[in-house]
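Heads up, the thing below is written out as structure tokens.
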Protein chains: 2
Amino acid sequence: MYEDLKYWYLRDHKLFRTLSYSQIKQLCIITGFKKASKGEIIYFSTSDIPRIFLLKKGNIKIVAIDDDGNETIKDIIQKGDLFGELTLESDNKNEEYAKVLSDDVAICSFLMSDFEDLLLKNPTLALSYTKFVGLKMKRIKNSYANLISKDAKTRLYQFLKDWAEQEGIWSGNLVTIENYLTQNDIAQIICTSRQTATQLLNEMESKNLLNYNRKEIIITDITKI
Amino acid sequence: MYEDLKYWYLRDHKLFRTLSYSQIKQLCIITGFKKASKGEIIYFSTSDIPRIFLLKKGNIKIVAIDDDGNETIKDIIQKGDLFGELTLESDNKNEEYAKVLSDDVAICSFLMSDFEDLLLKNPTLALSYTKFVGLKMKRIKNSYANLISKDAKTRLYQFLKDWAEQEGIWSGNLVTIENYLTQNDIAQIICTSRQTATQLLNEMESKNLLNYNRKEIIITDITKI
DNA sequence: GGCTAAGTGTAAATTAGCCGACATTTTGCT
DNA sequence: AGCAAAATGTCGGCTAATTTACACTTAGCC
């Protein structure tokens, strides 16, 4: 990996726009730059030195396994997102892994300690990062608030709305979303069973609210969702 | 309010331990200092200048009202907690208010902009603050992960365990918690109906797992929860 | 002290949605 | 092309938990 290319990979992220070339180069001692393709599983080996990851391309999901062996989707990471121990607090006991959803992904990573040093030397970045983490928290709070005490249908609608807002291609009230999730994934995200999700999606399709297939979801009229 | 007293109110918080007297004094120029008693409702008037709050004494709950008029408990704030727009990003459309749960509370507040300035001048604080927010985020994630895909009983048990850990007075396996929540509050926190919560609590009482009254909850043997 | 409102106790009817058990379709692989 | 595996579609029974409805108890206030 050429230093310059690494530089651009980071520079590209809005969080790092305030940094100078030399500052980014500092981070770029980055060991990690990784490519992976659909279905691959990436472990954040707990023994390893704590890192922060930046997804440059594609989509992945973070999955946790509880004591009973149940899979729970903890997060969907999209292009441009930072992930990993954003808390800057390493956690030893997490049984988490990432699974690649899109055709292929590119991930860069850097050491948490390097990042911390950089934050200390660069107050503006520190503030941006603080806001970034805060925003992420707000998102989580909101999405959970929606999950709970609403029924499955409402949750699905809300999820689709969010998804459309984040990634949809809009033309008027018609929104097209690239669909890299299976119905099972969607079910897990909105915390319902696969069957219920399937049923609701079909119901929506028969009401002409949307058009579902494995490649894309076309929402006929976003205002009706 | 004497400057020095204000100073100590802030100084006392672990987040601000890294700051010098003069730095804290800067924040103190501000500032709201408010007392309120049980049942009182505190609005974060949206028109007002954005603030960050620090709860010095007592307990409050943050309640949100959705479009249908339903109340949802968003957060329980305990002594020493920072709250408000931790994201440092003011949000115009939140229908939130705080309700005092304990007999009385003391709250100080300072302007978000002042806090931001301080963060810029003090990267170490920024880093601590980010870690603090991150930790809070992790807590939320965990507690919500517990909320979902578990039944009401499990959620109640988990909630009691958490509560005991955070605020309980331990003597061996017996834990006493000062109870400033109603059964309705508890129900809302664990996302169930009041009746179900009542039923479960009574069931636990009849099994001698705990002892519930409006003043305190005594958990007979925390290891059995 | 006595009244009112808030908090708690209990029980039956109703329902959402989970679960198991399949059939069918699509995809990827050799 | 042909096969296996993954994804999707569909159904009915089952169960936890919400809802509705009402009685009782406690706390706070004049």
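Predicted model, so just to flag it, every value in this text is computed and none were measured.
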Subject >> salt bridge (Lys or Arg N to Asp or Glu O under 4.0 Å) involving B/D162 - partner list, sequence neighbours excluded >> reply: none
**OP:** State which residues pass salt bridge (Lys or Arg N to Asp or Glu O under 4.0 Å) with B/K74; sequence neighbours excluded, sorted by chain then number.
**Re:** B/E96
Original post:
What bend angle does the helix from C/dG1-D/dC30 to C/dT30-D/dA1 show across its length, from five-pair end axes and to the nearest 10 degrees?
Top reply: 50°
Subject >> Which residues share a salt bridge (Lys or Arg N to Asp or Glu O under 4.0 Å) with A/E165, sequence neighbours left out >> reply: none
**OP:** Scan side-chain atoms only and decide if A/D221 and A/T223 contain a donor-acceptor pair under the 3.5 Å cut-off.
**Re:** yes
**OP:** For A/K99, enumerate each residue passing the side chain to side chain donor-acceptor pair (under 3.5 Å) test, keeping only those at least two apart in sequence or located in another chain.
**Re:** none
Original post:
Please give, in whole Å, the distance from C/dC19 P to B/D151 CG?
Top reply: 11 Å
Subject >> Stretch residues 205-218 of chain B: residues that reach within less than 4.0 Å of DNA chain C through a heavy atom >> reply: B/Y212, B/R214
**OP:** Identify, with sequence neighbours excluded, every residue that meets side chain to side chain contact (heavy atoms under 4.5 Å, CB included) alongside B/T220.
**Re:** none
Original post:
A/F110 vs A/F115 aromatic rings, parallel, tilted or perpendicular, using cut-offs 30° and 60°?
Top reply: tilted
**OP:** Please name all residues satisfying salt bridge (Lys or Arg N to Asp or Glu O under 4.0 Å) with A/K215, sequence neighbours left out, ordered by chain then number.
**Re:** none
Original post:
Which pairs with one or both residues in residues 198-208 of chain A pass salt bridge (Lys or Arg N to Asp or Glu O under 4.0 Å), sequence neighbours excluded?
Top reply: A/K153-A/E203, A/E203-A/K207
**OP:** Only pairs at least two apart or in different chains count here, so list each ring-ring contact (aromatic ring centres under 6.0 Å, His included) that has a residue in residues 177-221 of chain A.
**Re:** A/W163-A/Y180
Subject >> Boundaries of the chain A footprint along DNA chain D (any atom under 4.0 Å from a heavy atom) >> reply: D/dA7 to D/dT10
**OP:** May I ask you to list the residues of residues 187-202 of chain A, by number, that have any heavy atom positioned under 4.0 Å from an atom of DNA chain D?
**Re:** A/R194, A/Q195, A/T198, A/N202
